[in-house]
Amino acid sequence: PPSTSARLLIGTPFSIDSKSVYSHRLATFELHSSTMDLVQILEATTSPDREILQQAEQFLRQAAETNLAAFLNSLADELASPDRTNVVRMAAGLQFKNYITAKDSTLKLQYQQRWLAIDLAVRSQIKAKILASLGTERNSPSSAAQCVAYMACAELPGGSWPELVPSLLANVTDPQRSTEHVKVASMEAIGYICEEVDQSVLSMHANELLTAVMQCMRKEEPSFAVRRAATRALLNSLEFTNENFDKESERNYIMEVVCEATQCVDQHVKVAALQTMVKIVSLYYQHMEAYMGRALFPISVDAMKSLADDVALQGIEFWSSICDEETDLAIEAAEAADGRYPPRQISKFYVKGALQYVVPIDRKS
């Protein structure tokens, strides 16, 4: 088939004639033989010219409607190619994601079913390409990590792709595979998966995932980028660590690693660790007494005194979360007293004890 000129999309404005030719070529587009066309179209999706952008989006929609499997396979090729520019690889990842997931829950389910309807051999080929792309990109966050996660959203609930989690764990723990870039991208993928996939689906891998995340969060990890990705992964996976928090030894280890991370000199790691601390105290309030006086209180107060706004904000958010929790507990206690039954949980009144120290800091802020 005739190939679309790069000048048609990027170099010159569209004329009536060029648009007509463009429409004809769009109708006869065959993805497998038009690799350069796809590269040019992906570049055009970043154009500030609205008309060029709309034409590029129309081209991609038509390609997906004509042959979705071939289209996604070609996008995977572009994402996996180290010879492509960052712009092309990021655009390929974004378009891939847009055709397998959506914000609307009904549309998301339709897209997932459409993905699963693609021949298994083709899906396996696509998954292998994108999984192999982890750690090869020069941008962060990783586009490939996001694509892996959204494929996982469709595949894992039905028992497909059982090798995914072991492969990601190997990327993180196997010295033969775990370069810094591979670790970061794989941790990002784990974080996205923990955020997007139902915790019941991941329950069989919960301990392995948590172990890998903890390993990459520790202060002994030399890469701040790896520690950042791991801390964000923990933040996204806290909902399914309830069994670990119920065990004192495991809880102590998690809290030790998180508290150490709040003292990191890298501000991104520090903020992510503080966000994790805020979420932990909200989810696992009943377990926090042993850590409040000797760790959580001084860490939160120091954060509130920080000159860095994003750090100070997390210190404030810590006490705001506890205040919300203890307000709910006070309401529950009153209802329990009226009903003459014991409350589900008893408030520790952390806020009451901290007011004299926290309020003056808050006023200065």
Side-chain angles (χ1 to χ4, degrees), residues 97 100-118 120 123-124 126-127 130-131 134 141 144-173 185-217 229-251 253-255 257-258 272 275-288 321 325 328 344-345:
K97 177 179 75 72
I100 64 169
T101 192
K103 292 181 179 179
D104 178 78
S105 58
T106 302
L107 195 59
K108 180 179 180 179
L109 181 60
Q110 291 175 1
Y111 281 13
Q112 289 176 344
Q113 291 172 340
R114 186 175 68 176
W115 162 258
L116 293 172
I118 293 173
L120 177 59
R123 287 204 334 263
S124 297
I126 293 171
K127 289 184 291 186
I130 295 181
L131 200 57
L134 293 173
Q146 295 179 53
C147 293
V148 166
Y150 287 114
M151 288 188 294
C153 288
E155 299 260 352
L156 295 183
S160 302
W161 211 3
E163 68 275 19
L164 172 61
V165 173
S167 181
L168 292 175
L169 291 172
N171 282 351
V172 172
T173 59
S186 298
M187 265 299 149
E188 287 177 355
I190 288 171
Y192 295 139
I193 290 169
C194 290
E195 184 177 18
E196 296 290 338
V197 177
D198 189 89
Q199 57 181 302
S200 62
V201 175
L202 295 173
S203 59
M204 71 176 69
H205 298 294
N207 287 331
E208 295 172 283
L209 289 168
L210 183 60
T211 299
V213 168
M214 290 290 100
Q215 178 180 322
C216 290
M217 276 185 67
T231 306
R232 289 169 184 153
L234 178 63
L235 179 63
N236 290 335
S237 62
L238 283 172
E239 281 84 358
F240 65 78
T241 59
N242 55 303
E243 291 185 7
N244 306 95
F245 270 88
D246 285 339
K247 299 172 184 174
E248 184 179 3
S249 60
E250 295 184 25
R251 182 172 69 245
Y253 180 64
I254 294 170
M255 294 305 296
V257 173
V258 171
Q275 290 172 328
T276 303
M277 194 175 83
V278 170
K279 192 170 181 179
I280 286 173
V281 82
S282 179
L283 290 173
Y284 303 111
Y285 176 92
Q286 73 273 22
H287 294 309
M288 292 298 104
S321 295
E325 184 68 25
D328 290 342
R344 173 185 59 86
Q345 194 172 306

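Look at K127 and E163 and you find no salt bridge, because none of the NZ, NE, NH1 or NH2 atoms lies under 4.0 Å from a carboxylate O.
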M288 and E325: CA distance, side-chain angles, deciding distance, side chain to side chain contact (heavy atoms under 4.5 Å, CB included) verdict: CA-CA 12 Å; M288 292 298 104; E325 184 68 25; over 6 Å; no

Worked verdict on T101 versus C153 for side chain to side chain contact (heavy atoms under 4.5 Å, CB included): CA-CA 9 Å; T101 192; C153 288; over 6 Å; no

Side chain to side chain contact (heavy atoms under 4.5 Å, CB included) between I193 and V165, worked out: CA-CA 10 Å; I193 290 169; V165 173; 5.7 Å; no

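Considering CH2 of W161 and CE of M151, their distance stands at 4.0 Å, rounded to 0.5 Å. Taken to the nearest 0.5 Å, the CD atom of E155 stands 9.0 Å off from the CG atom of L164. The distance from the CZ atom of R251 to the NE2 atom of H287 is 5.0 Å, given to the nearest 0.5 Å. Rounded to the nearest 0.5 Å, atoms CE (M255) and CE (M277) are 7.5 Å apart. Atom CD of Q215 is separated from atom CE of M187 by 8.0 Å, given to the nearest 0.5 angstrom.
Using a 4.5 Å cut-off on side-chain heavy atoms (C-beta onward), T211 and T173 make no contact. Contact of the L134 side chain with the L168 side chain is registered, since non-hydrogen atoms from C-beta on lie closer than 4.5 Å. No side-chain heavy atom of V258 sits less than 4.5 Å from a side-chain heavy atom of T231. With contacts defined as side-chain heavy-atom distances shorter than 4.5 Å, the pair S237/L209 does not qualify. Looking only at side-chain heavy atoms (C-beta outward), D328 and Y285 stay at 4.5 Å or farther from each other.
Remark: Y284 engages F245 in a ring-ring contact (aromatic ring centres under 6.0 Å, His included) (not counting sequence neighbours).
The 12-atom threshold is exceeded at CD of Q199, counting heavy atoms of other residues, nucleotides or ligands nearer than 6.0 Å.
Closest non-hydrogen pair, A154 versus L116, comes out as O-CD1, 3.6 Å. Of all non-hydrogen atoms in A233 and V213, the two that sit nearest each other are CB-CG2, 4.1 Å.
With F240 as reference, L202 is the one residue of L202, L210, D198 to meet the side-chain contact (heavy atoms from CB on, under 4.5 Å) rule.
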